[in-house]
Amino acid sequence: MKRALITGVTGQDGLYLAELLLEKGYEVYGLVRGQNNPKIPMLRRILPDVHILTGDILDLSSLMRAFAASRPDEVYNLGAISYVAYSWENARLTTDVTGGGVLNILEATRLYRDSSGTEPRFYQASSSEMFGKVQETPQRESTLLWPRSPYGVAKVYGHYMTINYRESYDLHASSGILFNHESPRRGPEFVTRKVSTAVARIALGLQDSVALGNLDAKRDWGFAGDYVEAMWLMLQQDKADDYVISTGETHTIRELLDVAFGAVGIDDWSSRVKVDERFMRPAEVDLLIGDSSKAHEVLGWKPRVSFEELVTMMVESDLVEQKARIDGRNRDGH
Ligand code: GDR
């Protein structure tokens, strides 16, 4: 039985990846941060078979303890501060966690390898935010990186450090340059989930409108469930490498709104959306579109869920969730 250690296991990708690995018969260990972390009960409820370890990617000795406890064949570093807008306000913290944390876990992997005599494989969650002010369209593995946020800069550091450990220490370390990937498990601060939740609530008469930032931003959005499969595939290769994971399609926030509102029968959403300066970013990544032909050729990976299916799935899931809340409130007599 293979063993995997996942950081960021309580996030959207961590949950899908843990689920996938459990299905494949892995013993899965999840690193969880902080005292009394409110996400632990959620993780226990959704995936009771995941072994929970406490630790922090800022704390090398906690990582070394996690390696000793889990003895992993595969390590997936998904832990990060991942909200781009937040990174301008917390640039130092984002740099330490999203960037410096990668060095810690690479070092823990190397030390564990050398002391155990095993060959753990490492996956780093790199990001299309590293392309930022895009220098080439579509973006591929060789495209010059030009990050546009403290988050993007921190991810570039983690990306190159992963390559550096591969080249310096011959570590089986791969980096997945993932474009935006969404699902009903996406956090409410990200635009797709913010929209799907708002649309569900508007359809149920719970709110009138939603306030958003730049409606002209473009993203290449895929389904997170498809993307975690690519992570796993990368670690099954004889040779570690870097791969762009994307759909190759780009859509604006306006198109996202068309599909989301369309799913509840609202064709004209203009009165339902307010543009609010608070959600504008100091610098924007205007056009992200990925070329994942290398992943297709080498890994045999292709996304399965289309943009329309993804957005509709999210709105439908939020309708169920919001209705359950109303029913719960009615039952409690509020
Ligand atoms: P992103 O995701 O920054 O691409 O990073 P997000 O969903 O936050 O933003 C996407 C685009 O939508 C525009 N936008 C808004 N965004 C938010 N969050 N809220 C709004 O109200 C809003 N209005 C417009 C943004 O300006 C932006 O252009 C995600 C994260 O998961 C990263 O961790 C990951 O690395 C990348 O995707 C790939």
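These numbers were taken from a predicted model, which means no experiment stands behind them. Both counts, for ligands and for their atoms, begin at 1 and track the order of listing.
Within 6.0 Å of atom CH2 in Trp146, 12 or fewer heavy atoms from other residues, nucleotides or ligands are found, so the atom counts as exposed in its surroundings. Summarising the local packing, NE2 of His51 is surrounded by more than 12 heavy atoms from other residues, nucleotides or ligands at distances under 6.0 Å. Glu277 CD: 12 or fewer foreign heavy atoms inside a 6.0 Å radius. The environment of Arg33 atom CZ is sparse: at most 12 non-hydrogen atoms of other residues, nucleotides or ligands sit within 6.0 angstrom.
Of the listed residues (Val210, Val275, Asn214), the one carrying the non-hydrogen atom nearest atom 24 (C) of ligand 1 is Asn214. Nearest to atom 31 (O) of ligand 1 by heavy atom, out of Arg186, Arg193, His181, is Arg186.
The closest approach between a heavy atom of Ser128 and any atom of ligand 1 is below 4.0 Å. The shortest heavy-atom distance from Leu178 to ligand 1 is under 4.0 Å. In this structure, Arg148 has no heavy atom closer than 4.0 Å to ligand 1.
The cationic group of Lys2 does not satisfy the cation-pi geometry with Tyr26, failing either the under 6.0 Å distance to the six-membered ring centre or the 45° limit from the ring axis. Cation-pi geometry between Lys155 and Tyr160 is not satisfied (NZ or CZ under 6.0 Å from the ring centre, within 45° of the ring normal). Because its NZ or CZ atom is not both nearer than 6.0 Å to the ring centre of Phe190 and within 45° of the ring axis, Arg193 does not count as a cation-pi partner of that residue. Stacking of Arg3 on the aromatic ring of Tyr29 is not recorded, the 6.0 Å distance cut-off and the 45° axial limit not both being met.
In summary, the atoms of ligand 1 found under 4.0 Å from a heavy atom of Tyr83, numbered by their order in the structure, are 8 (O), 18 (N). Close contacts between ligand 1 and Phe279 involve ligand atoms 21 (O) [criterion: under 4.0 Å to a heavy atom].
A side-chain hydrogen bond (donor to acceptor under 3.5 Å, both in side chains) with Glu74 holds for exactly one of Gln236, His172, Arg121; it is Gln236.
Between Thr192 and ligand 1, no N or O atom pair is found at a separation short of 3.5 Å. Between Ser127 and ligand 1, a contact under 3.5 Å exists for at least one N or O pair. Between Gly213 and ligand 1, at least one pair of N/O atoms sits closer than 3.5 Å.
Counting only heavy atoms from C-beta outward, the side chains of Ile105 and Phe122 approach each other to under 4.5 Å. Counting only heavy atoms from C-beta outward, the side chains of Ser306 and Phe223 never approach each other to under 4.5 Å.
In terms of protein heavy-atom proximity, atom 26 (O) of ligand 1 is nearest to Glu284 OE2, 2.6 Å. Atom 8 (O) of ligand 1 has as its closest protein heavy atom Arg281 NH2, 2.8 Å. Nearest protein heavy-atom contact of atom 27 (C) of ligand 1 is Arg219 NH2, 3.3 Å. Here the protein heavy atom with the shortest distance to atom 13 (C) of ligand 1 is Ile253 CD1, 3.8 Å. Closest to atom 7 (O) of ligand 1, if we only count protein heavy atoms, is Val191 N, 2.9 Å. The shortest contact between atom 21 (O) of ligand 1 and any protein heavy atom is with Lys194 NZ, 2.7 Å. For atom 1 (P) of ligand 1, the closest heavy atom belonging to the protein is Asn180 ND2, 3.7 Å. Among protein heavy atoms, atom 32 (C) of ligand 1 sits closest to Ser82 O, 3.3 Å.
Between the OH atom in Tyr243 and the CG atom in Leu233 there is a gap of 9.5 Å [rounded to 0.5 Å].
When non-hydrogen atoms are compared, ligand 1 lies under 4.0 Å from the side chain of Val84 (C-beta onward) but not from its backbone.
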